[in-house]
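Structure, as structure tokens:
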Amino acid sequence: MAIDPLAHVDWPNWLRRWDAMQTAYLPFREARFSVMLDVLAELLPERFVAVDLASGPGAISQRLLHRFPQAQCLAVDYDPLLLTLGKAVLGDAAGRLRWVEADLRDPTWLTQLGASSVDAVVSTTALHWLEAPELVRLYQQLASLIRPGGLLLNGDHQRTESSLPIFARAIAAIKEQQRTKTFAQAGSETWRQWWDALAQEPSLTELLAERERRFPRGVDDDQAPILALHQTALRDAGFGEVGVIWRNLDDALLLAVR
């Protein structure tokens, strides 16, 4: 019998370290998750299907399925390592969670979803790495996927308009102060430290190499689409009510109703 070379990896520990690192960068992370789930509870029936878009290891999926025992979730991501991490820890949640490997930059990604209509699409701290044309196309695709009356919730960095340089300077300074304080208190790893530590797992060499191949360019928050572009693109795609339902400095949770 073949032995799985990844079986010895302590995946639950890596997920705990991932969550701790993410929370150090985003001290309000759980508050944002809570608002997102509260919106779903208020506006959707108890039984619904959601897509966790650019899911990573499934932070939203995990919380959503715990909060809504009759819900189902499709976790979509293109990062082979984070998908492997999510699958190893969360599995299929007794048949309620399905993992989908798809590149949102590929115009045909929807064909890999295996669903023609869903009740909600949720995403956090992920879509800012898409370039503006890719984001506009994605919102148009999501408008065709989400049923009438369904919801899109996107919590992410929403870059300040160039016409507000003083706002941007104040936000950057406050965020840096918060981050310095949080890391000092929690003693958490940085993003780079987490990945560097993971690279010490010999059995993950191929997965990490594939990840580097898929994501050759980094994320430049200074080039991320501004909030106004998100709102305009959503309205142009056919969403009705579009607005910010929660905000912390330049981190905003957008709600769009199909």
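From a predicted model like this one, the values you see are computed outputs, not experimental measurements. Below, each value reflects all heavy atoms present in this structure, side chains not excepted, and no hydrogens, waters or symmetry copies.
Residues Val39 and Leu65 are members of one and the same hydrophobic cluster, defined by side-chain heavy-atom contacts under 4.5 angstrom among Ile, Leu, Val, Met, Phe, Trp and Tyr. Cluster membership for Leu249 and Ile245, using ILVMFWY side-chain heavy atoms within less than 4.5 angstrom, is not shared. Connection of Trp246 to Ile174 is not established within any shared hydrophobic cluster, with ILVMFWY side chains joined at heavy-atom distances below 4.5 Å, either directly or through further cluster members.
The structure places CG of Leu127 at 7.0 Å from CG of Leu104, a figure rounded to the nearest 0.5 Å. Summarising the geometry, atom OG1 belonging to Thr205 is positioned 13.5 Å from atom CD belonging to Glu210; distances are rounded to the nearest 0.5 Å. Rounded to the nearest 0.5 Å, atoms CD (Gln231) and CD1 (Ile226) are 9.5 Å apart. In this structure, the separation between CH2 on Trp195 and CD on Glu212 is 8.5 Å, given to the nearest 0.5 Å. Interatomic distance, Trp99 CH2 to Thr84 OG1, rounded to the nearest 0.5 Å: 10.0 Å. Of the inter-residue distances, the one linking Tyr139 atom OH with Ser144 atom OG reads 14.5 Å to the nearest 0.5 angstrom.
The main-chain N or O of Leu53 is found under 3.5 Å from a side-chain atom of Ser123 such that the two form a donor-acceptor pair. Looking at Arg98, its side chain does come within 3.5 Å of a backbone N or O of Leu113 through a donor-acceptor pair. In this structure, Thr23 contributes its side chain and Ala20 its backbone to no donor-acceptor pair below 3.5 Å. A donor-acceptor contact shorter than 3.5 Å links the side chain of Arg96 to the backbone of Pro69. For Ser55 (side chain) and Gly58 (main-chain N/O), no donor-acceptor pair under 3.5 Å exists by modelled atom type. Not a single donor-acceptor pair under 3.5 Å links the side chain of Glu101 to the backbone N or O of Asp77.
Annotation: side chain of Asp156 is not in contact with side chain of Thr124 (no heavy-atom distance under 4.5 Å). Within the 4.5 Å cutoff, the side chain of Gln158 has no heavy atoms near those of the Asp250 side chain. Asp92 places none of its side-chain heavy atoms less than 4.5 Å from the side chain of Lys87. Proximity of Leu253 to Asn248: side-chain heavy atoms (C-beta onward) are nowhere separated by under 4.5 Å. Side-chain contact between Leu81 and Leu204: present, with at least one pair of heavy atoms (C-beta onward) separated by less than 4.5 Å. With a 4.5 Å cut-off on side-chain heavy atoms, Thr182 and Tyr25 do not count as touching. Inter-residue side-chain proximity for Lys175 and His157 is flagged as met; some heavy-atom pair is nearer than 4.5 Å. When side chains are defined from C-beta on, Leu254 counts as touching Val244, because their heavy atoms get closer than 4.5 Å.
Closest heavy-atom contact between Arg17 and Ala197: NH2-CB, 3.4 Å. The heavy-atom pair separating Leu208 from Ala199 by the smallest distance is CD1-CA, 3.5 Å. The two residues Leu97 and Gly91 have their closest heavy-atom pair at CD2-O, 3.6 Å. Here the shortest heavy-atom pairing between Val76 and Ala102 reads CG1-CB, 4.0 Å. In this structure, Val257 and Gly149 approach most closely via the heavy-atom pair CG1-O, 4.3 Å. Here the shortest heavy-atom pairing between Arg147 and Ser117 reads CB-OG, 3.6 Å.
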Applying side-chain contact (heavy atoms from CB on, under 4.5 Å) to Gln141 and Trp109, what does each step give before you reach the verdict?
CA-CA 10 Å; Gln141 292 175 314; Trp109 76 271; 2.8 Å; yes
Would Phe33 and Leu64 count as a side-chain contact (heavy atoms from CB on, under 4.5 Å) here? Give the steps.
CA-CA 9 Å; Phe33 283 145; Leu64 185 152; over 6 Å; no
Report the C-alpha distance between Leu83 and Asp79 in whole Å, list the side-chain angles of each, state the deciding distance to 0.1 Å, and finish with yes or no for side-chain contact (heavy atoms from CB on, under 4.5 Å).
CA-CA 6 Å; Leu83 281 171; Asp79 188 316; 5.6 Å; no
I'd like to know whether Val9 forms a side-chain contact (heavy atoms from CB on, under 4.5 Å) with Ser203, so could you lay out the CA-CA distance, the side-chain angles of the two residues, the decisive distance to 0.1 Å, and finally the verdict.
CA-CA 8 Å; Val9 178; Ser203 58; 3.5 Å; yes
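Every residue was checked against the salt bridge (charged side-chain N to carboxylate O under 4.0 Å, His left out) condition with Glu201, not counting sequence neighbours, and none meets it. Among residues two or more places apart in sequence or in another chain, the salt bridge (charged side-chain N to carboxylate O under 4.0 Å, His left out) test is passed with Arg247 by none.
For the pair Arg16 and Trp11, the cation-pi test (distance below 6.0 Å, angle within 45°) is failed. With Tyr78 as the aromatic partner, Arg214 meets the cation-pi criteria of under 6.0 angstrom to the ring centre and within 45 degrees of the ring axis.
A salt bridge is defined here as a Lys NZ or Arg NE, NH1 or NH2 lying under 4.0 Å from an Asp or Glu carboxylate O, and Glu30 with Arg63 meets this definition. Between Arg137 and Glu134 there is no salt bridge, since none of the side-chain N atoms of the basic residue sits less than 4.0 Å from a carboxylate O of the acidic one.
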Indicate every side-chain donor-acceptor pair of residues 233-243 with a distance under 3.5 Å to a residue at least two apart or in another chain.
residue: Arg235; atom: NH2; partner: Val242; partner atom: O; Å: 3.2

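A donor and an acceptor atom, one from each side chain of Trp191 and Gln22, are nowhere located under 3.5 Å apart. In this model, a donor atom of one side chain and an acceptor atom of the other lie less than 3.5 Å apart for Thr125 and Arg32.
The side-chain contact (heavy atoms from CB on, under 4.5 Å) test with Arg258 singles out one residue from Leu145, Ile146, Asp119, Leu142, and that residue is Ile146. Residue Leu151 is tested with Val118, Val122, Val121, Leu40 for a side-chain contact (heavy atoms from CB on, under 4.5 Å); the sole match is Leu40.
The neighbour count for Glu206 CD, taken as heavy atoms of other residues, nucleotides or ligands under 6.0 Å away, does not exceed 12.
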